[in-house]
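Structure first, then comments.
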2 protein chains.
Amino acid sequence: MTTDFCKPSRRSPRDRIVEAARDLFRRHGIRGTGVDAIADAADSNKMTLYRHFSSKDDLIVECLRHAGMEMDGFWRELEDAHPGDGLGQLRAWVRRIAEHLGDDRCQCEMMSAAVQLTDEDHPGREVIRTFKDAQRDRVVELCRRAGVADAELLGDTLLLLIEGARAAQQSSGAEGPSARFAEIADAAILFFAGSGAVPR
Amino acid sequence: MTTDFCKPSRRSPRDRIVEAARDLFRRHGIRGTGVDAIADAADSNKMTLYRHFSSKDDLIVECLRHAGMEMDGFWRELEDAHPGDGLGQLRAWVRRIAEHLGDDRCQCEMMSAAVQLTDEDHPGREVIRTFKDAQRDRVVELCRRAGVADAELLGDTLLLLIEGARAAQQSSGAEGPSARFAEIADAAILFFAGSGAVPR
DNA sequence: CGAAAATGTTACTGGTCGGTAACATCGTCG
DNA sequence: CGACGATGTTACCGACCAGTAACATTTTCG
């Protein structure tokens with residue numbers, strides 16, 4: 001409570017390093033970002049970086065964990081905004097993703113890392129997989145609460161559409177197929193919600 | 001006609017280099033693959049590589065072009081197998097992609113490169129974008145020929161599902177959402193073909 | 001205050017990378 | 001054969017990179 005007045009770098013060096021790393025990884029890729037550049041962007045230095053993280057790979061893992069935690073917070077916001085309303089959360093989720101598709105700070109760190117971490121044994125891959133499994137469970141649970149008969153099928157459909165929208169954004173830009181993501185995802189939700197057990 | 005008997009490396013060094021580069025890029029990433037490793041894998045050497053390509057970036061562009069040409073050939077096969085049958089080609093396309101999703105040699109070089117080529121000005125990005133635009137036109141044309149009313153919408157839906165399936169394969173593995181890609185894509189086709197103008 | 005812990009600074013290592021120069025070899029064709 | 005173009009070999013350059021050591025500084029807290 002007594003710390004951080006208005007100092008240029010108020011958060012701990014560790015947090016600043018993780019944030020700087022995530023930013024640079026996003027902008028220049030994981031392999032294209034050196035630890036010196038990370039330490040520099042974090043207003044810190046390489047030694048402090050290596051006192052907190054045993055290696056660059058270790059830092060990568062921490063970045064992925066932070067990205068996952070950020071998404072956790074986002075899911076909690078959804079639940080708060082539409083308490084108990086599976087369908088509402090589902091549609092809000094889609095809307096939110098569509099809005100952030102074009103952001104520089106898009107939530108595709110997991111996908112991006114999955115492509116760049118070519119070594120199958122990289123510890124980051126397990127973080128990605130665990131996150132994706134949890135995400136799938138959450139979406140399917142939402143579909144179930146929305147009264148959808150085949151919740152798994154709608155869930156996987158939405159997940160494919162979302163990953164596809166992010167990938168298409170990278171390849172084709174904002175005017176490509178990703179431009180109609182929200183429309184398509186909404187249609188899928190409506191179709192499943194209508195043909196399955198009726199919600200409410 | 002008089003060349004290549006049964007020699008260990010029958011194709012030209014240039015072709016071998018491109019093929020080796022594509023293979024290594026796929027397995028270890030673009031930034032994770034050195035030119036020495038490429039020349040080595042091509043049973044050639046760095047000097048010959050640099051006599052054919054002015055830089056590694058130049059080689060990357062050529063690899064993307066080759067990948068695009070390979071896909072062109074694949075589209076021609078589709079037309080040959082189902083001449084004039086838009087719906088048949090569409091379904092065969094989906095089936096083929098689903099079959100090759102798990103392949104080590106999956107056709108996600110474009111998506112992978114789009115993620116790894118972080119520099120917006122990299123010449124490879126234009127190749128990717130051009131390819132994706134052409135792909136989109138082709139798919140939409142197929143949908144149109146299949147008698148689908150909103151051909152653009154089904155086209156984009158299928159493109160999102162396909163990119164999503166490839167991305168999900170990278171992140172979640174074969175047992176993730178990509179496992180139901182074929183089922184979902186087929187359902188989308190049937191839904192659109194049924195609700196639009198009836199084919200045949 | 002004063003000690004201890006955390007952080008910053010500088011300099012260094014060994015390795016890899018993209019790219020080039022000089023020279024040797026091979027294949028083709030007149 | 002002989003010459004020429006394509007290919008292979010070796011060695012090198014400068015830049016960058018992950019990681020470490022030794023030392024100086026600041027921050028924290030009893």
Side-chain angles (χ1 to χ4, degrees), chain A residues 1-22 24-25 27-63 113 116-119 121-124, chain B residues 1-22 24-25 27-63 113 116-119 121-124:
Chain A
M1 214 46 136
T2 60
T3 52
D4 64 285
F5 221 125
C6 194
K7 294 192 293 195
S9 47
R10 58 207 185 291
R11 293 178 328 301
S12 80
R14 193 178 200 279
D15 289 347
R16 277 179 284 144
I17 288 171
V18 171
E19 179 162 328
R22 287 180 62 190
L24 290 177
F25 287 164
R27 284 177 13 216
H28 307 301
I30 295 180
R31 301 195 108 121
T33 302
V35 287
D36 299 84
I38 295 172
D40 214 42
D43 271 318
S44 184
N45 56 81
K46 201 158 52 167
M47 270 316 300
T48 303
L49 190 154
Y50 276 103
R51 282 190 192 106
H52 286 285
F53 307 97
S54 66
S55 66
K56 184 183 178 183
D57 283 336
D58 191 24
L59 173 56
I60 293 170
V61 169
E62 188 63 16
C63 286
Q116 295 178 67
L117 268 33
T118 51
D119 183 2
D121 297 332
H122 193 289
Chain B
M1 221 37 139
T2 58
T3 49
D4 63 287
F5 221 124
C6 193
K7 293 191 295 196
S9 47
R10 55 205 188 292
R11 292 176 332 299
S12 79
R14 193 178 199 278
D15 289 347
R16 275 179 286 146
I17 287 170
V18 172
E19 177 160 330
R22 287 180 62 191
L24 290 177
F25 288 163
R27 287 182 3 221
H28 306 302
I30 293 180
R31 300 193 109 120
T33 301
V35 287
D36 300 85
I38 295 172
D40 213 42
D43 269 319
S44 183
N45 56 81
K46 200 158 52 165
M47 270 317 299
T48 303
L49 189 156
Y50 275 103
R51 282 187 193 108
H52 286 285
F53 307 98
S54 66
S55 66
K56 184 184 178 182
D57 283 338
D58 191 24
L59 173 56
I60 292 170
V61 169
E62 188 63 17
C63 286
Q116 296 179 64
L117 268 32
T118 52
D119 183 2
D121 298 330
H122 193 289

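Here is how names work: the chains are called A, B, and so on, in the same order as the sequence lines, proteins then strands, and each is numbered from 1. Worth saying up front: this structure is predicted, and the values here are computed from it rather than measured.
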Integer-rounded Å distance: [N] [atom2] and [X] [atom1]:
X        : N       : atom1 : atom2 : value
Ile17(B) : dA6(D)  : CD1   : P     : 14 Å
Arg14(B) : dG5(D)  : CZ    : C1'   : 17 Å
Asn45(B) : dT20(C) : CG    : C1'   : 13 Å
Arg16(B) : dA6(D)  : CZ    : C1'   : 12 Å

Side chain to side chain contact (heavy atoms under 4.5 Å, CB included) involving Ala37(A) - partner list, sequence neighbours excluded: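 Leu24(A).
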Test of understanding: with side chain to side chain contact (heavy atoms under 4.5 Å, CB included), list the residues that count as partners of Arg31(B), not counting sequence neighbours.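 Per chain and number, Arg31(B) pairs via side chain to side chain contact (heavy atoms under 4.5 Å, CB included) with Arg31(A), Thr118(B).
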Taking only side-chain N and O atoms of Ser44(B), does any of them lie within less than 4.0 angstrom of OP1 or OP2 on dT7(D)?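 Result: no.
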Could you work out, with side-chain hydrogen bond (donor to acceptor under 3.5 Å, both in side chains) as the rule, every residue matching Thr48(B), not counting sequence neighbours?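 Partners of Thr48(B) under the side-chain hydrogen bond (donor to acceptor under 3.5 Å, both in side chains) test: Asn45(B).
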Any side-chain heavy atom of Val35(B) within less than 4.5 Å of one from Leu59(B)?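 Sidechains of Leu59(B) and Val35(B): no contact.
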When rounded to the nearest 0.5 angstrom, what distance separates CD1 in Ile30(B) from NE2 in His122(B)?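 Spacing of CD1 (Ile30(B)) from NE2 (His122(B)) equals 7.0 Å.
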Give, for atom CZ of Phe25(B) and atom CD1 of Ile38(B), the distance between the pair rounded to the nearest 0.5 Å.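 With rounding to 0.5 Å, CZ (Phe25(B)) is 4.0 Å from CD1 (Ile38(B)).
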Let's see if you get this right: which residues in residues 27-39 of chain B place a heavy atom under 4.0 Å from DNA chain C?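 Of all residues in residues 27-39 of chain B, the ones placing a heavy atom under 4.0 Å from DNA chain C are Thr33(B), Gly34(B), Val35(B).
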Any residue of residues 46-58 of chain B with a heavy atom less than 4.0 Å from an atom of DNA chain C: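 The answer is Lys46(B), Met47(B), Tyr50(B), Ser55(B), Lys56(B).
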Quick one: salt bridge (charged side-chain N to carboxylate O under 4.0 Å, His left out) pairs with a partner in residues 44-61 of chain B, sequence neighbours left out?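 Every pair satisfying salt bridge (charged side-chain N to carboxylate O under 4.0 Å, His left out) with a residue in residues 44-61 of chain B: Asp36(B)-Lys46(B).
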